[in-house]
2 protein chains.
Amino acid sequence: MSIKSDNRHLYLQVIDRLKQDIEKGLYKEKEKLPSEFDLAKQLGVSRATLREALRILEEENVIIRRHGVGTFVNAKPMFTSGIEQLNSVTDMIKQAGMKPGTIFLSSSTQAPTEEDIRRFSCSTSEEIFIMERVRTANGEPVVYCIDKVPERILPKTFSHEEESIFQILDEGANRRITYAVAQIEPLGYHEKISPILECDPETALLVLKQMHFDEMDEPVLFSVNYFKADKFSFHVLRKRI
Amino acid sequence: MSIKSDNRHLYLQVIDRLKQDIEKGLYKEKEKLPSEFDLAKQLGVSRATLREALRILEEENVIIRRHGVGTFVNAKPMFTSGIEQLNSVTDMIKQAGMKPGTIFLSSSTQAPTEEDIRRFSCSTSEEIFIMERVRTANGEPVVYCIDKVPERILPKTFSHEEESIFQILDEGANRRITYAVAQIEPLGYHEKISPILECDPETALLVLKQMHFDEMDEPVLFSVNYFKADKFSFHVLRKRI
DNA sequence: TTTTCCTAAGACATCAGACATCTGATATCT
DNA sequence: AGATATCAGATGTCTGATGTCTTAGGAAAA
């Protein structure tokens with residue numbers, strides 16, 4: 001257990017604990033959990049608190065509860081790592097079991113465009129840091145990245161050598177990116193980018209234009225990523241209302 | 001209020017009621033809700049039940065709660081109708097304020113391919129109904145659709161004139177589609193489909209390959225949709241864990 | 001013996017009330 | 001005036017009890 005005392009709300013700790021236990025296989029698929037009464041006693045929390053946690057796990061489809069019967073693990077290996085899950089490109093490549101790399105192309109600070117001003121709701125005098133890179137997986141180019149960050153947010157000193165902007169913002173600027181709104185667009189051929197990614201003319205690109213926000217809902221990073229469609233696969237779980 | 005007695009769990013009714021009230025403007029943006037004690041009394045439920053509802057609304061970012069302070073409406077008009085929300089193509093076109101239409105191309109019943117057998121986990125003897133259509137918005141072709149449904153699921157009599165397969169399955173077969181897993185792929189040019197959709201060679205297509213499931217988690221419909229990228233816009237809210 | 005019906009146990013759903021802790025405002029002391 | 005103490009009100013958590021649903025098993029009927 002980590003040293004840091006867990007100041008988060010109890011119900012969140014219970015959620016994490018239960019997810020861990022399911023992950024560890026302590027409760028197996030379709031298996032019945034202990035009754036709420038027993039489970040609350042085991043975890044050392046009240047039944048009310050436990051129930052708040054269970055309610056959310058139910059909403060997330062991790063468990064299912066049947067009135068008068070019990071609570072069961074629902075461990076469909078559920079569509080993990082779909083596009084709804086936000087990860088840095090670095091992490092995406094790692095998760096595919098490949099070694100991420102970076103080819104640095106250029107960086108500069110520029111005056112914001114009108115779009116930038118809208119996006120970051122910043123003043124015209126604030127400068128925007130722009131960086132272009134090619135990301136590689138096992139040495140092969142797979143993503144073309146354009147990243148824009150308002151200069152004031154960046155730490156004074158940072159090197160382009162860093163792989164992950166997420167990490168720079170997290171550790172250097174203490175701004176944890178928590179979510180992003182992604183626009184999805186197909187792109188048949190781009191005369192500059194396709195050759196860089198070593199694409200045949202018939203290999204299409206998938207473009208993700210993303211505005212990233214931190215915990216305070218402040219926009220901190222805008223990025224445009226061009227993915228080689230044959231190297232990446234995106235899927236979404238779509239729910240009907 | 002509808003006649004049907006609401007047999008659903010209380011906390012769900014509370015959620016709906018609160019969402020309605022926020023929608024109606026009874027509680028305005030950033031406004032403080034009554035205290036849990038008062039609100040529970042107003043709604044005629046216990047505080048524990050109310051809190052389960054509030055917890056979920058909090059998780060959905062509809063409200064935010066601050067310990068010792070209160071509960072507040074968070075009515076950012078939140079990125080609605082992103083791709084996470086499952087709608088039929090018919091509905092998508094309607095929601096864009098345009099008139100949906102259909103050009104029927106072909107239909108047939110065929111023996112299942114190996115993929116079909118895996119997808120629907122059906123036997124080799126079951127026939128699969130396949131239909132190809134072009135969907136139009138205000139008369140202009142915008143989506144090319146291929147739909148596959150196991151024949152046994154379809155109602156005996158149905159006409160191709162129906163616009164929405166969702167509706168056929170819902171009303172005719174009593175199978176409500178509740179979610180789908182969508183694969184997202186870009187496509188630069190398709191020699192058969194691009195001309196049908198009247199695409200320039202440089203206009204790319206976005207392909208959604210979707211497996212639809214009903215309430216019982218049974219696969220009922222597989223569809224491949226080719227969207228004209230310049231007529232449709234897709235976005236996703238991506239959350240970091 | 002077989003079928004039907006009843007009942008009791010166990011589980012989730014909901015309730016009522018209390019205490020704990022946090023926050024913000026006000027009052028008080030220096 | 002500024003720092004500190006106090007207080008009211010809100011959310012967080014706990015306790016114990018009752019309501020309702022499901023299931024299994026036994027009793028009664030066929």
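Sequence lines set the chain letters: A, B, ... in the order given, protein chains first and strands last, and positions in each chain run from 1.
For A:F37 and C:dA13, the CZ to P distance is 17 Å, given to the nearest whole Å. In this structure, CZ of B:R8 is placed 21 Å from P of C:dC12, rounded to the nearest angstrom. Atoms NE2 (A:H9) and C1' (D:dA10) sit 12 Å apart, rounded to a whole Å. Computed from coordinates, the A:L50 CG to C:dT14 P distance equals 15 Å when rounded to whole Å. Atom CZ of B:R51 is separated from atom C1' of D:dT13 by 8 Å (rounded to the nearest Å). Here D:dT11 presents its P atom at 17 Å from CG of A:L12, a figure rounded to the nearest Å. One can place OH of B:Y11 at 13 Å from C1' of C:dT14, the figure rounded to the nearest angstrom.
The phosphate of C:dC12 has neither OP1 nor OP2 within less than 4.0 Å of any side-chain N or O from A:R55. Under 4.0 angstrom from either OP1 or OP2 of C:dT14 there lies no side-chain N or O belonging to B:S46. The shortest distance between the side-chain N/O atoms of A:T49 and the OP1/OP2 oxygens of D:dG12 is not below 4.0 Å.
Taking a cutoff of 4.0 Å between a charged side-chain nitrogen and a carboxylate oxygen, B:K148 and B:D116 qualify as a salt bridge. Using a cut-off of 4.0 Å between Lys/Arg side-chain N and Asp/Glu carboxylate O, A:E60 and A:K19 are scored as salt-bridged. Here A:E127 does not pair with A:R152 in a salt bridge; the nearest charged N to carboxylate O distance is not below 4.0 Å. The residues B:R51 and B:E58 are annotated as not salt-bridged, no charged nitrogen and carboxylate oxygen being separated by less than 4.0 angstrom. Between A:K239 and B:E84, no side-chain nitrogen of the basic residue sits less than 4.0 Å from a carboxylate oxygen of the acidic one, so the salt-bridge criterion is not met.
Contact check for A:M211 versus A:R119: side-chain heavy atoms found under the 4.5 Å cut-off.
You'll find that the side chain of A:R47 is closest to D:dA17, out of D:dA17, C:dA16, D:dT13.
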Under-3.5 Å N/O pairs linking protein and nucleotides 4-11 of chain C:
residue	atom	partner	partner atom	Å
C:dG10	N2	A:G68	O	3.1

